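No experiment lies behind these values; they were computed from the predicted model shown. For this chain, numbers begin at 1 and follow the sequence in order. Just so you know, these numbers use all the heavy atoms, side chains as well, and skip hydrogens, waters and symmetry mates. Every number for a ligand or one of its atoms is a count from 1 in the order of the listing.
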Amino acid sequence: MNVKVPDYILSIKPYEPGKPLEELEREYGVTDSIKLASNENPLGPSPKALAAMAKVMPTLHRYPDGGAFELTRALAQHLNVSTKQIVFGNGSDEIIGMLTRALLAPGDEAVLPQPSFLMYDIMVRCSGATPVYIPLKGLAIDLDGVLAAVTPKTRMVFINNPNNPTGTMITKSDMEPFLAKLPSNVTVVLDEAYIEFVQDDACAIGTDYVTNERLPVVVLRTFSKAYGLAGLRIGYGIMPAEISSLLNRVRQPFNVSSIAQAAAREAIGDTAFLEQTKALIHEGLLYLYDELQKRNITCFPTHSNFFLIDVKQDASVIFEKMLRQGVIVRAMNSYGFPHYIRINVGLPTENRRFIDALEKVL
Ligand code: PMP
């Protein structure tokens, strides 16, 4: 093939998603398998969201509302921000892509803690910009390291709070001096995909910083995790109106389906479901920490719905062995942790099955 491809596209390593259950059952001939690999909500979708989706079905011959008018209004009210500050995406993944497309060009630099969510790297490279990696300090994002990496070419900084895959959190008292020291021509992307799971009041909350006059701060949130709608693909960004108007230049006109808009609108108000989800995750975490400790297996406490476990051997081998037990986990080899696996909290029965399977394979 004689296709001319930019070098920066060839430099991209494709994202490897968690293995789907159907694929595991097909390949390994197992049934009744469980997946704890993609930080999904084990309870399923919010029942109110499901009902709203069913109601929209008869109107699917129409395009969705390209401006997501009703949903934007509902969310703006819920978050106490202006409707002009919100942009929805086909998952928050898409917002990452809109940001890099609108704000980065070849020659620009974007600073990325490493390891963190892999889509930052992919999207920065898609724009031909240069990712600059800052290793974690222990398991936490090294904010001083990020500041030290900022150069006149830096246009964007990604901070994931809590950080995927390590589950660490940034406090207000660490975030505020960090933001104050960043130059005002750098856009800070605070990805809060898991913020609903944080129990510590000291945690920085990105929406507190969006309206500052000096520095462009964009907060990313999603309906994929605590709201149980990962398969629907809807997330959003909260940002200064100047940035949202730029994103709307590069956004596809109908990027969020009418089903997703209807579901998200109901999910916002389904606080009972959100509380039930959080309680399930927090109880599940205590159970899992306790069972792992009883077996002398090292794990790293988290502020999210997932955490790392040190299996003290090649994690990809443990991943394979767990698959044979019908349990999908995530091996962290490609994140630079060759001995760690990551799991998310499941239903109580799934957590028990995970512990039994891990005990067997170790
Ligand atoms: N940010 C982080 C840190 C994530 O872990 C994920 C999902 N794995 C996303 C963003 C993207 O979520 P979605 O596109 O489903 O909204």
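- Residue S224 approaches ligand 1 through these ligand atoms, each under 4.0 Å from one of its heavy atoms: 13 (P), 15 (O), 16 (O).
- Those atoms of ligand 1 with a heavy atom of G91 less than 4.0 angstrom away are 13 (P), 14 (O), 16 (O).
- In this structure, the separation between CG on N39 and OG on S224 is 10.5 Å, given to the nearest 0.5 Å.
- When N160, I96, L229, V189 are ranked by how near their heavy atoms come to atom 3 (C) of ligand 1, first place goes to N160.
- Paired with L308 under the rule side chain to side chain contact (heavy atoms under 4.5 Å, CB included), one option of I341, T302, L139 passes, and it is L139.
- Both L112 and F337 are part of a single hydrophobic cluster, where members link through side-chain heavy atoms under 4.5 Å apart.
- With a 4.0 Å cut-off on non-hydrogen atoms, S92 touches ligand 1 through its backbone as well as its side chain.
- Only the side chain of Y194 comes within 4.0 Å of ligand 1, counting heavy atoms alone; its backbone N, CA, C and O stay farther away.
- Residues E109 and T151 bring a donor and an acceptor atom of their side chains to less than 3.5 Å of each other.
- Neither the backbone nor the side chain of M119 has any atom closer than 4.0 Å to an atom of ligand 1 (non-hydrogen atoms only).
- In terms of polar-atom proximity, defined here as any N/O pair under 3.5 Å, N39 makes no such contact with ligand 1.
- If you number the atoms of ligand 1 from 1 as listed, the ones under 4.0 Å from a heavy atom of K225 come out as 7 (C), 8 (N).
- Both the backbone and the side chain of D93 come within contact range of ligand 1, each with a heavy atom under 4.0 Å.
- The nearest heavy-atom contact from the protein to atom 6 (C) of ligand 1 is F117 CZ, 3.4 Å.
- In this structure the side chain of R233 reaches within 4.5 angstrom of the side chain of D93, judged on heavy atoms.
- Counting atoms of ligand 1 from 1 in the listed order, those under 4.0 Å from a heavy atom of T222 are 13 (P), 15 (O), 16 (O).
- Listed for the R342 side chain is a donor-acceptor partner under 3.5 Å among the backbone atoms of A37.
- The protein heavy atom nearest to atom 2 (C) of ligand 1 is D191 OD2, 3.4 Å.
- Follow the hydrophobic side-chain contacts under 4.5 Å out from V210 and you reach I268 in the same cluster.
- Between Y227 and E266, the side chains place no donor N or O within less than 3.5 Å of an acceptor N or O (distance only, hydrogens not considered).
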Fill in: Verdict with supporting geometry, D356 and R352, salt bridge (Lys or Arg N to Asp or Glu O under 4.0 Å)
CA-CA 6 Å; D356 291 346; R352 271 195 295 279; over 6 Å; no
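- When non-hydrogen atoms are compared, ligand 1 lies under 4.0 Å from the side chain of R233 (C-beta onward) but not from its backbone.
- In terms of polar-atom proximity, N90 is not counted as a contact of ligand 1, lacking any N or O under 3.5 Å from an N or O of the ligand.
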